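Have a look at the structure below, then the notes.
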Amino acid sequence: MSLEKILKKIKNEFEVAIKTAKFNGNTYDNGNKAKEALIRSQKIINYIHDFVKEDFIRAGVAKNKIYPPVKHTNPELKIQGFLKAKNQDIAIVPDKALIKKTSEHFSEVEKILSVNVRSQLSSLAKNIDTLYERTFAEALNLHLSYPKQVLGEVYLIPTHEYDDKAMLKNKIVFKKVSKIENYIKMFQAINRRGSANKNEYKYERVCLLIVDFKNKSPKLYSDVASLIKDGLVPPNTSLTLENLAINNFADDLLSIYNDRFGEGKLN
DNA sequence: GATCGACCAATAGCTCCTTG
DNA sequence: CAAGGAGCTATTGGTCGATC
């Protein structure tokens, strides 16, 4: 499925939950509660998981090396990092034998390519700093144990967050424009870890999906010029979405992977 | 007196374990 | 081996002091 279609589906399901206070055959007290159930079911984020998985397959990765497989939500691979073990949203495993080794520290485990995927559609401003901490702690947790491991992160944010108060009354209301600049700045700061022996807090490649859900067909922003044109970041901004957009996401990760571990291990 | 920023806490749905 | 419960986590809502 194309990303455009997926975003449309996400918008639709999210807004239907808010407007009807229903999700998955259950009726909730209000639209906000139904939306919570939808988010917590992981249904929405799983669309993005599958998109990323499909993109890896397009880029040459073997289907059977991806965990959980396309269209499946388990088994997730739990990898023991420096401080804690954590399930990986998308893991690409060069050799099946590694799967049994992820609960302890085996150096070959670093050959597993891992991508985490998350979203935040409301309360962005309030939580930006919780997000900072979580996001970079997760890369650290793995890189401190596995310095060469190739890590990716995909984060979906709206240009205008959904208003949580309006949801209580089953209304779709968008707040004024999100602090998109802050998000870009923060993700650029932890993006493109080039060398395997430093900057453990960085990801090898991050993708920030900036989407305007106010449009009937949600609009995905892949360059700063468009953001400026639509008044979403100041015209004089020095920021860029270079290496932060979805274009070449899988290819970039694979290219770093191939440099570190040799060509073709994931095909 | 409205908005912002920083920090904390809650909770549903999932997974996994236990128990009968 | 089903049912129930405990534990974990992602996401986001509440609050309070600072700042505009």
Side-chain angles (χ1 to χ4, degrees), chain A residues 10-11 13-15 17-18 21-50 52 67-69 71-81 83-91 99-100 102-103 114-142 151-187 203 206-211 213 234:
Chain A
I10 290 175
K11 174 186 166 75
E13 291 181 20
F14 198 77
E15 295 186 3
I18 293 169
K22 285 183 187 152
F23 168 62
N24 222 359
N26 298 317
T27 303
Y28 296 83
D29 290 350
N30 57 58
N32 191 310
K33 286 257 194 281
K35 174 226 64 175
E36 270 180 36
L38 167 64
I39 290 287
R40 286 176 175 160
S41 76
Q42 305 254 69
K43 192 172 176 209
I44 275 182
I45 204 67
N46 282 335
Y47 292 137
I48 310 277
H49 284 219
D50 279 333
V52 175
Y67 294 84
K71 300 271 184 202
H72 289 77
T73 57
N74 58 354
E76 282 189 343
L77 211 56
K78 191 173 198 167
I79 300 182
Q80 176 65 47
L83 278 175
K84 56 171 291 186
K86 192 179 175 307
N87 284 326
Q88 306 302 305
D89 288 339
I90 301 174
I99 291 174
K100 291 194 172 72
T102 57
S103 57
S114 168
V115 177
N116 281 299
V117 184
R118 34 192 60 96
S119 69
Q120 190 168 26
L121 297 176
S122 59
S123 300
L124 275 80
K126 248 192 262 197
N127 293 298
I128 187 161
D129 102 1
T130 303
L131 154 72
Y132 285 164
E133 293 172 5
R134 282 194 64 93
T135 308
F136 101 140
E138 282 182 14
L140 254 185
N141 185 51
L142 286 173
L151 301 180
E153 167 92 4
V154 177
Y155 215 102
L156 170 68
I157 59 163
T159 55
H160 305 260
E161 57 182 283
Y162 284 91
D163 186 314
D164 52 295
K165 292 291 188 314
M167 294 174 194
L168 294 169
K169 300 189 204 106
N170 303 81
K171 294 265 188 293
I172 308 293
V173 174
F174 291 93
K175 296 197 182 177
K176 61 183 187 189
V177 66
S178 312
K179 295 253 181 252
I180 295 173
E181 257 196 309
N182 288 356
Y183 276 85
I184 297 175
K185 200 181 287 178
M186 116 88 171
F187 279 110
Y203 290 80
V206 177
C207 168
L208 184 59
L209 292 172
I210 304 171
V211 180
F213 286 102

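All chains are named by letter (A, B, ...) in the order of the sequence lines, taking the proteins before the strands, and each is independently numbered beginning at 1. Atoms considered below: every heavy atom in the structure, side chains included; atoms not considered: hydrogens, waters and symmetry mates. All of these numbers come straight from a predicted model, not from anything done at the bench.
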Point to revise | Side-chain donor or acceptor of A/D163 paired with backbone N/O of A/A166 under 3.5 Å | key: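 Here the side-chain-to-backbone pair exists.
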Check your understanding: If you check every side-chain atom of A/T73, which of B/dT15, B/dC7, B/dG13 has the closest atom?
Key ->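 Per side-chain heavy atoms of A/T73, the pick is B/dT15.
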**Study point:** Sequence neighbours excluded, every pair satisfying side chain to side chain donor-acceptor pair (under 3.5 Å) that has a member inside residues 34-44 of chain A
**Key:**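 Sorted pair list: A/E13-A/K43, A/E36-A/R40.
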Practice item. Tell me, please, which residues at least two apart from A/I157 pass side chain to side chain contact (heavy atoms under 4.5 Å, CB included). Key: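 Applying side chain to side chain contact (heavy atoms under 4.5 Å, CB included) to A/I157 gives A/L124, A/Y155, A/Y183, A/L208, A/I210.
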Rounding to a whole Å, what distance do you find between [X]:[atom1] and [N]:[atom2]?
| X | N | atom1 | atom2 | result |
| --- | --- | --- | --- | --- |
| A/N30 | B/dA12 | CG | C1' | 14 Å |
| A/N26 | B/dG13 | CG | C1' | 11 Å |
| A/D129 | B/dC8 | CG | P | 10 Å |

Review point. In B/S/- notation, 5' to 3', how is nucleotides 9-17 of chain C contacted by protein heavy atoms closer than 4.0 Å?
Key: SSBBBBB--
Review point. Which part of the nucleic acid, if any, lies within contact of A/Y28, taking any heavy atom under 4.0 Å across all strands shown: a base, the sugar-phosphate backbone alone, or nothing?
Key: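 Since only primed, P, OP1 and OP2 atoms lie under 4.0 Å of A/Y28, the category is sugar-phosphate.
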Check your understanding: Excluding sequence neighbours, so at least two apart, what forms salt bridge (charged side-chain N to carboxylate O under 4.0 Å, His left out) with A/K11?
Key ->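 Residues passing salt bridge (charged side-chain N to carboxylate O under 4.0 Å, His left out) with A/K11: A/E15.
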Point to revise | All salt bridge (charged side-chain N to carboxylate O under 4.0 Å, His left out) counterparts of A/K126, not counting sequence neighbours | key: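 For A/K126 there are no salt bridge (charged side-chain N to carboxylate O under 4.0 Å, His left out) partners, ignoring immediate neighbours.
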Exercise for review: For DNA chain B, determine which residues of residues 171-180 of chain A have any heavy atom closer than 4.0 angstrom to one of its atoms, and list them numerically.
Suggested key: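 Only A/K176, A/K179 qualify.
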Below 3.5 Å, can you tabulate the donor-acceptor pairs from side chains in residues 168-181 of chain A to any protein atom, sequence neighbours excluded?
| from | atom 1 | to | atom 2 | distance (Å) |
| --- | --- | --- | --- | --- |
| A/N170 | ND2 | A/I18 | O | 3.0 |
| A/N170 | ND2 | A/K19 | O | 3.3 |
| A/S178 | OG | A/P158 | O | 3.1 |
| A/S178 | OG | A/T159 | O | 2.8 |
| A/E181 | OE2 | A/T237 | OG1 | 3.1 |

Point to revise | Residue pairs involving residues 130-141 of chain A (criterion salt bridge (Lys or Arg N to Asp or Glu O under 4.0 Å); sequence neighbours excluded) | key: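 Output for this query lists A/R118-A/E138, A/R134-A/E138.
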List, one per line, each side-chain donor-acceptor pair under 3.5 Å for residues 25-32 of chain A, sequence neighbours excluded.
| from | atom 1 | to | atom 2 | distance (Å) |
| --- | --- | --- | --- | --- |
| A/N30 | OD1 | A/N32 | N | 3.0 |
| A/N30 | OD1 | A/K33 | N | 2.9 |
| A/N32 | ND2 | A/D164 | O | 3.3 |

